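Below is one structure, written out as structure tokens; comments come after it.
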Amino acid sequence: MAFGGENAESYYDDGLTAAKKGELRKAIECFERAIKLDSSYAVAYHQLGKCYMRMGQAQRAVDILMQVVRKRPNLGPARLDLGIALLAAGNTRGARKEFEQLYGLDPSNTRALLGLAQCSFNEGDWATALIQARNALSGGGSNFSALYLAGRAAKLAGDEVTAQECLGNAERVLQKSIEIQPDQPESHFLRGEVCFVRNELASALEHYRAADDRTDGKSPDKVYTAFGENFTQLDIWAKLGLCYQRLGKLDRASEMGKRILSRDQNHKLGHALSELS
């Protein structure tokens, strides 16, 4: 029974609490129970879709969020999350349609503009992605997601000066977050991601290790979320393995691959890393 009683609202509240803690399996159970008690509970469907998205089950998230948008076409946050899920599922054209509709209704919607920037990035249009990401920055301040996307787009477009400027600013946003919550893994992992893009592999290793040290040992499947990015401990291990591989430390990379496989035998990158020698 939910903490507040056997009703949809209580299960929904418990689901939100579990989702905030990264306990997504529990959150899904709560949202599904809320929906069973009240099949018209649109926000519970929305949160259920977000949980599956965070767990990497993008198509399942798409299927759920499409139902929400059909029933509640004016529910902007659900449409935004549908666009994000469509991107993750590889449907860039569908995602662009959702983001364009949101942006057309509200040109000040920086998250929709950032979604369009991600669409352009996925399509290999680095110059347009950079412009859109910088426009999102103009409307939304020093947003890590926009800075990180702009930095990667600029780097791929060959604009090294802009890339270093944006990625440096992204790292400063993360440093402030670390100063506030030094014992949380999220910003440490994302600093590793920024360093990885900059090919600063020794620094990336340092930050990935710091993130790994701060994961919850009692919840190995916990999903961590920050600045719109989701990851698990397996993702940290995978990035550690890639760093070791690029640094030529193949034995260490292979060890990381075997560690990944000890938890997930179907992990493709884990298999590739484990076979290095």
Side-chain angles (χ1 to χ4, degrees), residues 80 83-84 87-88 90 92 95-96 99-100 103 107-180 184-212 224-231 235-249 253 269:
L80 180 70
I84 293 169
L87 268 178
T92 303
R96 181 180 291 281
F99 296 135
E100 284 178 343
Y103 187 66
S108 68
N109 189 330
T110 55
R111 294 188 66 191
L113 182 55
L114 189 58
L116 289 171
Q118 187 66 61
C119 289
S120 298
F121 186 92
N122 287 12
E123 293 166 346
D125 187 351
W126 320 126
T128 299
L130 175 57
I131 291 169
Q132 291 170 326
R134 297 195 81 167
N135 286 341
L137 281 169
S138 298
S142 296
N143 178 288
F144 169 78
S145 299
L147 287 166
Y148 184 46
L149 181 56
R152 287 181 292 151
K155 192 171 185 68
L156 289 166
D159 186 347
E160 194 63 30
V161 172
T162 299
Q164 291 306 319
E165 175 192 348
C166 292
L167 292 172
N169 287 336
E171 196 165 11
R172 281 186 278 278
V173 171
L174 294 173
Q175 180 55 39
K176 290 180 181 178
S177 179
I178 290 171
E179 290 169 1
I180 296 170
Q184 299 302 312
E186 291 87 349
S187 293
H188 291 283
F189 176 76
L190 292 175
R191 279 196 76 177
E193 295 282 79
V194 171
C195 291
F196 192 84
V197 170
R198 297 167 91 171
N199 204 36
E200 298 171 354
L201 299 179
S203 294
L205 269 175
E206 177 186 346
H207 295 304
Y208 288 138
R209 285 174 181 150
D212 192 30
Y224 301 90
T225 300
F227 302 106
E229 304 287 336
N230 305 305
F231 66 95
D235 294 317
I236 300 174
W237 292 353
K239 283 302 178 73
L240 283 168
L242 287 174
C243 283
Y244 287 130
Q245 179 187 25
R246 291 192 181 187
L247 289 167
K249 299 180 179 181
L269 183 55

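Keep in mind the model is a prediction, meaning the values are calculated, not measured.
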- Between Val197 and Tyr148, does a side chain to side chain contact (heavy atoms under 4.5 Å, CB included) hold up when you go through it step by step? CA-CA 9 Å; Val197 170; Tyr148 184 46; 3.8 Å; yes
- side chain to side chain contact (heavy atoms under 4.5 Å, CB included) evaluation trace for Leu147 with Arg172: CA-CA 10 Å; Leu147 287 166; Arg172 281 186 278 278; over 6 Å; no
- Tell me, with the steps shown, if Phe231 and Glu186 meet side chain to side chain contact (heavy atoms under 4.5 Å, CB included). CA-CA 8 Å; Phe231 66 95; Glu186 291 87 349; 4.2 Å; yes
- Query: Is there a side chain to side chain contact (heavy atoms under 4.5 Å, CB included) between Leu242 and Leu269 once you walk through the steps?
  - Reply: CA-CA 9 Å; Leu242 287 174; Leu269 183 55; 4.0 Å; yes
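When all heavy atoms of His207 and His188 are compared, the pair lying nearest together is CB-O, 3.3 Å. Between Ala117 and Ala133, the shortest heavy-atom contact is CB-N, 3.8 Å. A pairwise comparison of heavy atoms in Thr110 and Ala136 identifies CG2-O, 3.7 Å as the closest pair. In terms of heavy-atom proximity, Phe227 sits nearest to Ser145 at O-OG, 2.6 Å. Pairing each heavy atom of Ala154 with each of Ala163, the nearest pair is CB-N, 3.6 Å. The shortest heavy-atom contact between Leu174 and Phe144 is CD1-CE1, 3.5 Å.
A donor-acceptor contact closer than 3.5 angstrom is absent between the side chains of Ser120 and Thr128. Of the N and O atoms on the side chains of Glu171 and Gln175, not one donor lies less than 3.5 Å from an acceptor on the other residue.
Atom CZ of Phe196 sits about 6.5 Å away from atom CG of Leu201, to the nearest 0.5 Å. Rounding to the nearest 0.5 Å places CZ of Arg191 at 5.0 Å from CD1 of Ile178. The distance from atom OH of Tyr103 to atom CG of Leu114, rounded to the nearest 0.5 Å, is 12.0 Å. Here CZ of Arg96 is found 4.5 Å from CD of Glu123. Values are rounded to the nearest 0.5 Å. A distance of 13.0 Å separates CG in Leu116 from CD1 in Ile131, rounded to the nearest 0.5 Å. Annotation: the span from Glu160 atom CD to Arg198 atom CZ amounts to 9.0 Å, rounded to 0.5 Å.
The aromatic rings of Phe189 and Tyr208 lie tilted to each other, with the angle between the two planes from 30° to 60°.
Judged purely by atom type and a 3.5 angstrom limit, Thr92 has no side-chain atom pairing as donor or acceptor with the backbone of Cys119.
When side chains are defined from C-beta on, Trp126 does not count as touching Asp159, because their heavy atoms never get closer than 4.5 Å. Looking at heavy atoms from C-beta onward, Leu137 lies out of side-chain contact with Asn169 at the 4.5 angstrom threshold.
Residue-environment remark: CZ (Arg111) stays at or below the threshold of 12 foreign heavy atoms within 6.0 Å.
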